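Here is the structure we will look at.
Owing to the predicted nature of the structure, the values given are computational and were not obtained by experimental measurement. Just so it is clear: chains get the letters A, B, ... in the order the sequence lines come, proteins before strands, and each one is counted from 1. Reckoned from all heavy atoms, side chains included, excluding hydrogens, waters and symmetry mates.
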There are 2 protein chains.
Amino acid sequence: MDDVAVTVDVVLATVLDDTLTVLLVQRGVEPFVGRWALPGGFVLPDEGLDAAAMRELTEETGIDIEDGGHLEQLRTYGAPGRDPRGRVVSVAYVALVPRLPAPVSGTDASGARFWPVDRLGRARLAFDHARIVADGVERIRAKLEYTTLAVTFVDEPFSIPDLRHVYEAVWGVMLDPGNFSRKVLGTPGFVVPTGNRAPIGAPGGGRRPVLYRRGPAAALHPPILRPA
Amino acid sequence: MDDVAVTVDVVLATVLDDTLTVLLVQRGVEPFVGRWALPGGFVLPDEGLDAAAMRELTEETGIDIEDGGHLEQLRTYGAPGRDPRGRVVSVAYVALVPRLPAPVSGTDASGARFWPVDRLGRARLAFDHARIVADGVERIRAKLEYTTLAVTFVDEPFSIPDLRHVYEAVWGVMLDPGNFSRKVLGTPGFVVPTGNRAPIGAPGGGRRPVLYRRGPAAALHPPILRPA
DNA sequence: TCAATAGTGTCTGTCAGACAGTATGTG
DNA sequence: CACATACTGTCTGACAGACACTATTGA
């Protein structure tokens, strides 16, 4: 009755070069040697699921979710046959972090890099990880609508246009700068002003935007909806 | 590494007497003998998670989700110590069904009944099932906003006021009959008219409402939002 | 100077909610 | 008749999206 193994897998997402990307590791062991996969691994006997997700992420990539990041459970994948080694049930997580130092490979992985989510057709992911990534990306896109999670993708301090670039990258659309600015500033607790403006010398010219930090609000009322 | 057991637990909800209720079974075996708990049990070695949820529901209560019901994964609970028998990770599900025949007790359960969700303080649920029920109820309340799931709570054919009573029961609020009717009929594919009206002889008098069946639409654009 | 960007003002169409008014049923 | 319920009409305030306009910067 308990020859079932439980693993965690993490869809770690960030915005790089105005593109939504997820972290994949190249597998160094069987099965699927050399293929790209989500960071993850077996849950230890006395370890909570969230703790396991954070530990595996650190072990395989050197990334610590604690500083400014966000981690939440996505869903659980348990179809028989999804892992050739036997019955493996995987609890998937989604993690969001600001721009990062380059990930480090861990013991079980021979490489790690961020992949743009719209270039994943090339990656030939191991197991059912393509499906898990797709579900995770959709979760992220949906959550930007009615939560303030977008701020976990930017470093402080940030400007309203920085935040807009996050929405544009994640949703793959262009938003009206004026309407977006009004919307964010009209939501109490979304961002708090620092009193400063961006330093002189930014490329392209233009008025220097006001800088903000993350606010205390978590939910968004009213939501910022994706264009139809 | 795999002395972890995987179970499924099901929050089966229905609307009875204009009240949202969930099905609980009284445990007949240790641990927590005599306490109320969610129907559920161990996943079999070659069984998918969804299939396990349906099987356990039928075994413990005699209820088959197939006819007109809805089943979806809720989330996974895996804190160490949540089950005194050892490490047990539980994949929780939410199920919605129309009014039902009385549930039958199964082998592992000495009783089964529907509990109104606002009377669960009395029930002293086993394990962490109080938390799971709370999460499931919140999922249901949220999903009524932007999906057509409410129709899975009513028998066909049904009237717009029937559907409104579902929303009122689940959300615990009163809705404006006129605005609700306009909203539902203005959403293509939510309901399809049968051409009939409710039979003469309903209690309370009043104009006979038009009867409908479930429509093909799953999502709701725009959503029906809970009042603030 | 021109080009680019930040942010405000303003208008318009859509929609939610309040509520009046009409149609149709029971007692 | 009185009364209850179903449903339509209509108004108002909030908001999204389009877009003009001003302010501020680099080249």
Point to revise | Given D:dC19, C:dG7, D:dC7, the nucleotide with the shortest approach to the side chain of A:Pro209 | key: C:dG7
Review point. Taking CZ from B:Arg197 and P from C:dT26, how many angstroms apart are they, rounded to a whole number?
Key: 13 Å
**Study point:** Interatomic distance, B:Met174 CE vs C:dA18 C1' [rounded to whole Å]
**Key:** 15 Å
Exercise for review: Kindly indicate whether a cation-pi arrangement holds for A:Arg113 with A:Trp115, taking the cut-offs as under 6.0 Å to the six-membered ring centre and within 45° of the axis.
Suggested key: yes
Review point. What integer distance in Å separates A:Phe180:CZ from D:dC19:C1'?
Key: 19 Å
Check your understanding: Distance from A:His129 atom NE2 to A:Arg82 atom CZ, nearest 0.5 Å?
Key -> 5.5 Å
Review point. At under 4.0 Å between heavy atoms, what does A:Pro223 touch on the DNA or RNA strands: base, sugar-phosphate, or nothing?
Key: sugar-phosphate
Point to revise | Residue-phosphate contact under 4.0 Å: A:Arg208 side-chain N/O, D:dT24 OP1/OP2 | key: no
Exercise for review: Take the protein atom CG of A:Leu220 and the nucleotide atom P of D:dC15, then report the distance between them rounded to whole Å.
Suggested key: 13 Å
Point to revise | Proximal nucleotide (of D:dT24, D:dC7, D:dG26) relative to the A:Arg207 side chain | key: D:dT24
Practice item. Run through A:Arg226, A:Arg75, A:Lys143 and flag the one making a salt bridge (Lys or Arg N to Asp or Glu O under 4.0 Å) with A:Glu138. Key: A:Arg226
Practice item. Could you tell me the separation between the CZ atom of A:Arg182 and the C1' atom of D:dG17, rounded to a whole number of Å? Key: 10 Å
Check your understanding: Between D:dA6 atom P and B:Phe158 atom CZ, what is the distance in whole Å?
Key -> 15 Å
Study note, to complete from the structure: On DNA chain C, more 5' by nearest nucleotide between B:Asp176 and B:Pro222 is B:Pro222
Exercise for review: Find the distance A:Ile160:CD1 to C:dG7:C1' and express it as a whole number of Å.
Suggested key: 10 Å
**Study point:** Spacing of A:Arg164 atom CZ relative to C:dA4 atom C1', expressed in whole Å
**Key:** 12 Å
Practice item. May I ask you to say what B:Leu225 touches in the nucleic acid, namely base, sugar-phosphate or nothing, with a heavy-atom cut-off under 4.0 Å? Key: nothing
Practice item. Looking only at side-chain atoms of B:Asn179, point me to the closest of C:dA18, D:dT25, C:dG7. Key: C:dA18
**Study point:** Salt-bridge criterion met for B:Asp135 and B:Arg139 (N-O under 4.0 Å)
**Key:** no
Exercise for review: Measure the spacing between CG of B:Leu74 and OH of B:Tyr93 and express it to the nearest 0.5 Å.
Suggested key: 10.5 Å
